[in-house]
Participant: 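Just passing along the structure, written as C-alpha cells.
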Amino acid sequence: MRVVFLGTPEFGVPSLKALVKAGYEVVGVFTQPDKPKGRGNKMLPSPVKSCALEYGIPVYQPVKIRVDGVEDLRALRPDLCVTAAFGQILSQEILDIPKIGTVNVHSSLLPKYRGSAPINWAIMEGETVTGVTTMMTDKGLDTGDILLQKEIEILPGETAEELTARMAPIGAELLIETIKGLEAGIIQRVKQDEAQSSYFPMLKKEMGEIDWRMSAHQIVCRVRGLTPWPGTSFVWGDNEGIKVWKAEEAENPGKAPGEILCADAKQGLVIAAGEGAVRVLELQAPGGKRMNAKDYLRGHPVSYTRVNGI
RNA sequence: CGCGGGGUAGAGCAGUUCGGUAGCUCGUCGGGCUCAUAACCCGGAGGUCGAGGGUUCAAGUCCCUCCCCCGCAA
C-alpha cells in the first residue's frame with residue numbers, strides 16, 4: 001500500500017517510523033518548510049523531515065499544500081494519507097487524492113480538545129485523563145469520523161513536553177492498529193458528537209503571562225501546559241521577566257495575590273495567588289539558564305515584596 | 001555575518017569601567033554550642049577566572065582569534 005505521510009514536529013516521528021517498520025510503502029513525506037531558527041538564524045529541518053531523510057523517503061515542503069502541493073501529492077498516487085501534527089489545513093481537493101482517504105492522529109479524546117494544541121490545553125484545563133484518537137480527516141477542523149481511541153492518564157505534575165513524548169509512541173501504535181483495521185474492514189467509523197465537542201485555539205505567547213489573581217491550581221496547570229513553549233513568566237523588580245519552568249501549589253496565609261511570601265535560598269520562592277500560593281521550583285532569568293529557584297536566589301537576593309503588574 | 005545576554009571553587013553570583021594578594025551567599029570537611037536542629041559560633045579544603053595568542057614589570061580586568069551556553073523571532 002502506497003502511503004504518504006504528512007507531519008512536522010517530534011510528535012509525528014514515531015508514527016512515521018511505525019509506518020515504515022510495519023512494512024507500508026511510504027512513498028513521500030510532506031512537512032513544513034525549513035525555517036530560520038535558533039541563534040544565527042540557521043535553517044533547521046523539521047524532526048519529521050530529518051527522519052524521512054534517514055529513511056531515504058522523498059520530502060516535499062510546500063508553503064501551502066493546498067496551493068502548491070496538490071500536483072506533487074497527486075503524482076505520488078497514494079492509497080492512504082496519514083497526518084500527524086502537520087500544521088497545514090488540507091483542502092477537499094487534497095483529501096480526494098488518496099484512494100482510501102486520510103487518517104489523522106490527534107492527541108486528544110475527540111470530540112474534546114479540537115485544535116492544534118490539545119495536549120497543552122488538556123493540561124491547562126486541569127484534566128487528569130486525555131488520549132489519542134485516529135480519525136478520517138474531513139474538511140472541518142478535527143471533525144472527521146472517529147476510528148480508534150485510546151485513553152491516557154495525565155500524571156500529577158506532568159508537563160506538556162513530557163506528556164507529548166509519552167503520547168507520541170502510543171499514537172503511532174494506534175495508527176498502525178487503525179490502518180490494519182481499515183484493511184481488514186473491521187473498523188467502525190463513528191461520527192463525532194457535536195454536543196460534546198470543544199475547540200481550543202493555538203498557543204500564543206501572551207498566554208504565558210501569569211495572572212496572580214488566578215488560583216494556584218490554575219497557575220500551576222498553566223505552567224505545566226505551556227512547557228516548553230511558550231512558557232509562563234511574570235515580572236518583578238526592575239521590570240525583570242522571570243520564566244517559570246516548574247511550580248507547585250502551596251499554602252497562603254491570607255496574603256493578597258502577587259505578594260511574595262518568601263524569596264530566599266533557604267525557604268525558596270513562594271508567591272501568593274488568588275487562591276492558595278505558588279511555590280516556584282525552577283525558573284529562568286533573562287539571559288540565564290534554567291535553574292532551581294533556590295540556586296537562583298543564592299546569587300540574586302530579592303528586596304521587593306510583590307510581583308509587578310497587579 | 002539577524003539582534004541581545006552570559007562562561008570566575010561543587011551550586012548561584014560580585015569583581016572587568018580606571019590592570020596591582022581571588023571575594024560573597026550556600027554546600028562540603030573538621031571542631032564548638034545545644035535536649036535538639038535545615039539554627040548559631042570557630043576553623044579548613046576546594047579556582048588552569050571557557051580556550052589560545054598578544055600588550056605589560058604585572059592581565060579575571062586591555063587587544064585579537066576561537067569554543068560553548070542562554071534569550072528574542074514560531
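Letters A, B, ... mirror the listed sequences (proteins, then strands); counts begin at 1.
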Participant: Please work out if A:K294 contacts a base, only the sugar-phosphate, or nothing of the nucleic acid, heavy-atom cut-off 4.0 Å.
Facilitator: nothing
Participant: In whole angstrom, give me the gap between the P atoms of B:G31 and B:G23.
Facilitator: 27 Å
Participant: Considering Watson-Crick and G-U wobble pairs with both distances under 3.5 Å, what does B:U55 pair with?
Facilitator: none
Participant: How about A:W245 and A:T159: do any of their side-chain heavy atoms sit closer than 4.5 Å?
Facilitator: no
Participant: Just do the salt bridge (Lys or Arg N to Asp or Glu O under 4.0 Å) check on A:R166 and A:E158 with the steps written out, would you?
Facilitator: CA-CA 10 Å; A:R166 212 154 56 82; A:E158 192 166 34; 2.7 Å; yes
Participant: Just list the side-chain donor-acceptor pairs under 3.5 Å for residues 181-191 of chain A, sequence neighbours left out, or say none.
Facilitator:
| from | atom 1 | to | atom 2 | distance (Å) |
| --- | --- | --- | --- | --- |
| A:E183 | OE1 | A:Y24 | OH | 2.9 |
| A:R189 | NE | A:D145 | OD2 | 3.4 |

Participant: Starting at NZ of A:K37 and ending at P of B:G71, how long is that distance when rounded to a whole Å?
Facilitator: 13 Å
Participant: Provide the distance between the two C1' atoms, one in B:U8 and one in B:G46, to the nearest whole Å.
Facilitator: 14 Å
Participant: Find the partner of B:U16: check Watson-Crick (N1-N3 plus N6-O4 or O6-N4) and G-U wobble (N1-O2, O6-N3) distances, both under 3.5 Å, and reply none if neither fits.
Facilitator: none
Participant: Figure out the CZ/C1' separation between A:R298 and B:G10, and round it to whole Å.
Facilitator: 11 Å
Participant: Rounded to whole angstrom units, what separation is found between the CD atom of A:E282 and the C1' atom of B:C70?
Facilitator: 15 Å
Participant: Taking the same atom, C1', in B:A38 and in B:G6, what whole-Å distance lies between them?
Facilitator: 32 Å
Participant: Using Watson-Crick or G-U wobble geometry with both distances below 3.5 Å, tell me the partner of B:G71, or none.
Facilitator: B:C3
Participant: I want to check one thing: is the phosphate of B:C72, taken as OP1 and OP2, less than 4.0 Å away from some side-chain N or O of A:K205?
Facilitator: yes
Participant: Pick the C1' atom in B:C3 and in B:G60, then give their distance to the nearest Å.
Facilitator: 28 Å
Participant: Once you measure the plane-to-plane angle for A:W236 and A:F234, does it fall in the parallel (<30°), tilted (30-60°) or perpendicular (>60°) bin?
Facilitator: perpendicular
Participant: With heavy-atom distances below 4.5 Å as the criterion, would you say the side chains of A:T102 and A:V82 are in contact?
Facilitator: no
Participant: Using atom P in both nucleotides, what's the gap between B:C62 and B:U16 to the nearest angstrom?
Facilitator: 9 Å
Participant: Do A:V27 and A:P58 come within less than 4.5 Å of each other through their side chains, counting heavy atoms only?
Facilitator: no
Participant: Watson-Crick or G-U wobble partner for B:A39, using a 3.5 Å limit on both distances?
Facilitator: none
Participant: What is the separation between atom NE2 on A:H300 and atom C1' on B:C24, rounded to the nearest whole Å?
Facilitator: 13 Å
Participant: Just how far, in rounded Å, is P of B:G10 from CE of A:M291?
Facilitator: 16 Å
Participant: Salt bridge check: are A:E282 and A:K243 linked by an N-O gap of less than 4.0 Å?
Facilitator: no
Participant: Between B:C70, B:G12, B:C72, which nucleotide has the shortest distance from any of its atoms to the side chain of A:K243?
Facilitator: B:C72
Participant: Once you apply a heavy-atom cut-off of 4.0 Å, does A:D295 come out as touching a base, just sugar-phosphate, or nothing?
Facilitator: sugar-phosphate
Participant: When the distance from NZ of A:K35 to C1' of B:C72 is rounded to whole Å, what number comes out?
Facilitator: 16 Å
Participant: Specify the separation, in whole Å, of atom CH2 of A:W229 and atom C1' of B:A73.
Facilitator: 11 Å
Participant: A:R39 has a side chain; which of B:A73, B:C72, B:A74 sits nearest to it?
Facilitator: B:C72
Participant: Taking atom P in both B:C33 and B:A59, compute the distance separating them and give it to the nearest angstrom.
Facilitator: 47 Å
Participant: On RNA chain B, compare the nucleotides closest to A:L297 and A:A285; which residue's is nearer the 5' end?
Facilitator: A:L297
Participant: Rounding to a whole Å, what distance do you find between A:Q267:CD and B:C26:P?
Facilitator: 14 Å
Participant: Taking atom P in both B:U61 and B:G19, what distance in whole Å separates the two?
Facilitator: 12 Å
Participant: Ignoring backbone atoms, test whether A:Q284 places a side-chain nitrogen or oxygen under 4.0 Å from the OP1 or OP2 oxygen of B:C70.
Facilitator: no
Participant: For B:C41 versus B:U17, give the span between their C1' atoms, rounded off to a whole number of Å.
Facilitator: 39 Å
